[in-house]
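Read through the structure below, which is laid out as C-alpha cells, and then see the notes.
Along the sequence shown, residues carry numbers from 1.
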Amino acid sequence: MWEATLEPNVILQRRDQRVQEWRAVAAGFGIAQGDVGREAKALRHLSFSYNAGISACENGGQWQRALALLSEICEARLEPDIIYILSYNAGISACEKGVQWQRALALVCEVNEAQLEPDAISYNAGMLACEHSGQWQQVLSLLSKAKEAGLDTDADMCTTVTNACEMGGQWQMASSVLDNLLLKFGRYFVE
C-alpha cells in the first residue's frame, strides 16, 4: 500500500506476522482458534484499537504513522464493515492535516476499491485536504463524486468548496455554491 519501497515478500511477512499477533492476543483472552465468533469479536476489539491509534496519529500530526497503521489493519483482511470506513476516514483526515492532498485523494479512491462506500466524512476530509493545498478543481471533483454516490451536500462540504474556489480566484463558482447553500439551508439562516 504505502510501503512501496519494501519488497513484496517483506510486506506479506509483516501482514502475516500482524495477523498471528492478533490471534495470539485473542488466544490470551481465552479464545481458541476455530471459535470463530469469539475470535472475530476479539479481532474487532483490536481493530478499534487500531482506529484509536490512527486517530491519535492524525491528531498528533503523524500522517505517515497513521497511514502505516491503516495499511496494517487493511492487510489483516478483516470483514469490511464500519470499522474500515472509520479507519479510512481517520487516514484521510491525517493526510488533510499533513497537507498530503494526493494521498488523501488516493485513500478516497481506495475506499471504493476495498468495496466500501465513502461517506460524507470521507469526501469532506478529502475535500479539505485539497482545499488546504489550493486544489480547487479536485475539491469540485470530489463534490461531484459525492453527489454521484447519492450523498447530500451538507454545509461543511459547501463551505469547503466555497473556500477552495475563493482561494483559487474562482469567485463565480464560489458565488454559485453559496447560492445553492442558501437555497438548501436558507430557512435556517433566516430564522
Side-chain angles (χ1 to χ4, degrees), residues 1-4 15 40 43-44 46-165 167-168 170 173-174 176-178 180-181 184-185:
M1 212 178 261
W2 303 280
E3 300 176 8
R15 184 205 63 215
L43 292 176
R44 182 179 292 266
L46 287 170
S47 65
F48 282 126
S49 297
Y50 263 78
N51 288 341
I54 294 168
S55 293
C57 291
E58 167 200 347
N59 292 329
Q62 300 293 318
W63 65 268
Q64 298 97 332
R65 289 184 181 178
L67 294 184
L69 289 173
L70 177 59
S71 179
E72 287 181 19
I73 194 170
C74 291
E75 288 171 1
R77 295 191 178 111
L78 302 176
E79 285 287 317
D81 60 6
I82 192 68
I83 295 168
Y84 278 118
I85 197 66
L86 293 174
S87 301
Y88 273 105
N89 287 348
I92 296 166
S93 292
C95 291
E96 177 255 318
K97 289 184 174 81
V99 195
Q100 300 293 314
W101 68 272
Q102 292 165 319
R103 291 180 192 266
L105 283 179
L107 287 177
V108 173
C109 292
E110 207 171 289
V111 171
N112 282 321
E113 292 169 12
Q115 298 178 345
L116 300 170
E117 293 181 18
D119 58 14
I121 295 169
S122 311
Y123 284 110
N124 201 44
M127 290 166 58
L128 282 168
C130 294
E131 175 205 346
H132 294 158
S133 299
Q135 302 296 318
W136 64 270
Q137 300 96 332
Q138 297 296 335
V139 173
L140 293 176
S141 175
L142 283 174
L143 179 65
S144 176
K145 288 179 182 178
K147 287 181 178 181
E148 286 173 15
L151 295 174
D152 283 335
T153 54
D154 60 13
D156 289 335
M157 283 185 187
C158 291
T159 300
T160 301
V161 171
T162 303
N163 290 341
C165 290
M167 288 172 52
Q170 303 298 313
M173 186 66 68
S176 174
V177 171
L178 184 57
N180 288 334
L181 176 67
K184 184 171 184 173
F185 297 104

(request) Applying side chain to side chain contact (heavy atoms under 4.5 Å, CB included), run through Leu140 and Ser144 and close with a yes or a no. (result) CA-CA 6 Å; Leu140 293 176; Ser144 176; over 6 Å; no
(request) State, with a plain yes or no, whether a side-chain heavy atom of Val161 is found less than 4.5 Å away from one of Cys165. (result) yes
(request) Please answer whether the main-chain N or O of Cys158 pairs with a side-chain N or O of Thr162 as donor and acceptor at a distance below 3.5 Å. (result) yes
(request) Heavy atoms only: give me the nearest Leu107-Cys95 pair and the separation to one decimal. (result) CD1-SG, 3.9 Å
(request) Could you grab the distance from atom CE of Met127 to atom CG of Asn163, nearest 0.5 Å is fine? (result) 10.0 Å
(request) Using atom types as modelled and distance alone, determine if a side-chain donor or acceptor of Ser71 lies under 3.5 Å from a backbone N or O of Leu67. (result) no
(message) Could you report the tightest heavy-atom contact between Gly126 and Ala104, atom names first, then the distance?
(response) CA-CB, 4.4 Å
(message) If the test is side-chain contact (heavy atoms from CB on, under 4.5 Å), which one of Arg103, Glu58, Lys97 qualifies with Trp63?
(response) Arg103
(request) Mind running side chain to side chain contact (heavy atoms under 4.5 Å, CB included) on Thr160 and Leu143 for me, showing each step along the way? (result) CA-CA 10 Å; Thr160 301; Leu143 179 65; over 6 Å; no
(request) Please name the pair of heavy atoms, one in His132 and one in Glu96, separated by the smallest distance, quoted to 0.1 Å. (result) CE1-OE2, 2.8 Å
(request) Specify the closest pair of heavy atoms between Leu105 and Gln138, including all atoms of both residues, with the distance to one decimal. (result) CD1-OE1, 3.4 Å
(request) Give a yes or no on this: more than 12 heavy atoms of other residues, nucleotides or ligands lie within 6.0 Å of atom CG of Leu151. (result) yes
(message) Please find the pair of heavy atoms, one from Tyr50 and one from Leu69, that lie closest to each other, and give the distance.
(response) CD2-O, 3.6 Å
(request) Could you grab the distance from atom NZ of Lys145 to atom CG of Asn112, nearest 0.5 Å is fine? (result) 8.5 Å
(message) Is it the case that atom CD in Gln137 sees more than 12 heavy atoms from other parts of the structure closer than 6.0 Å?
(response) yes
(message) Looking at every heavy atom in both Tyr123 and Ala149, which two are closest together, and how far apart are they?
(response) OH-CB, 4.1 Å
(message) Run the side chain to side chain contact (heavy atoms under 4.5 Å, CB included) test on Asn89 and Val111 for me, step by step, so that the C-alpha distance in whole Å, both residues' side-chain angles and the decisive distance to 0.1 Å come before the verdict.
(response) CA-CA 9 Å; Asn89 287 348; Val111 171; 5.7 Å; no
(request) Could you check if a side-chain atom of Ile121 sits within less than 4.5 angstrom of a side-chain atom of Ile85, using non-hydrogen atoms only? (result) no
(message) With salt bridge (Lys or Arg N to Asp or Glu O under 4.0 Å) as the rule and sequence neighbours excluded, what pairs involving residues 120-135 come up?
(response) none
(request) Answer whether the closest heavy-atom distance between the side chains of Ile92 and Leu128 falls below 4.5 Å. (result) no
(message) Does Met167, at its CE atom, have more than 12 non-hydrogen atoms belonging to other residues, nucleotides or ligands within less than 6.0 Å?
(response) yes
(message) Can a side-chain donor-acceptor contact be found between Asp119 and Ser122 if the only test is distance below 3.5 angstrom?
(response) yes
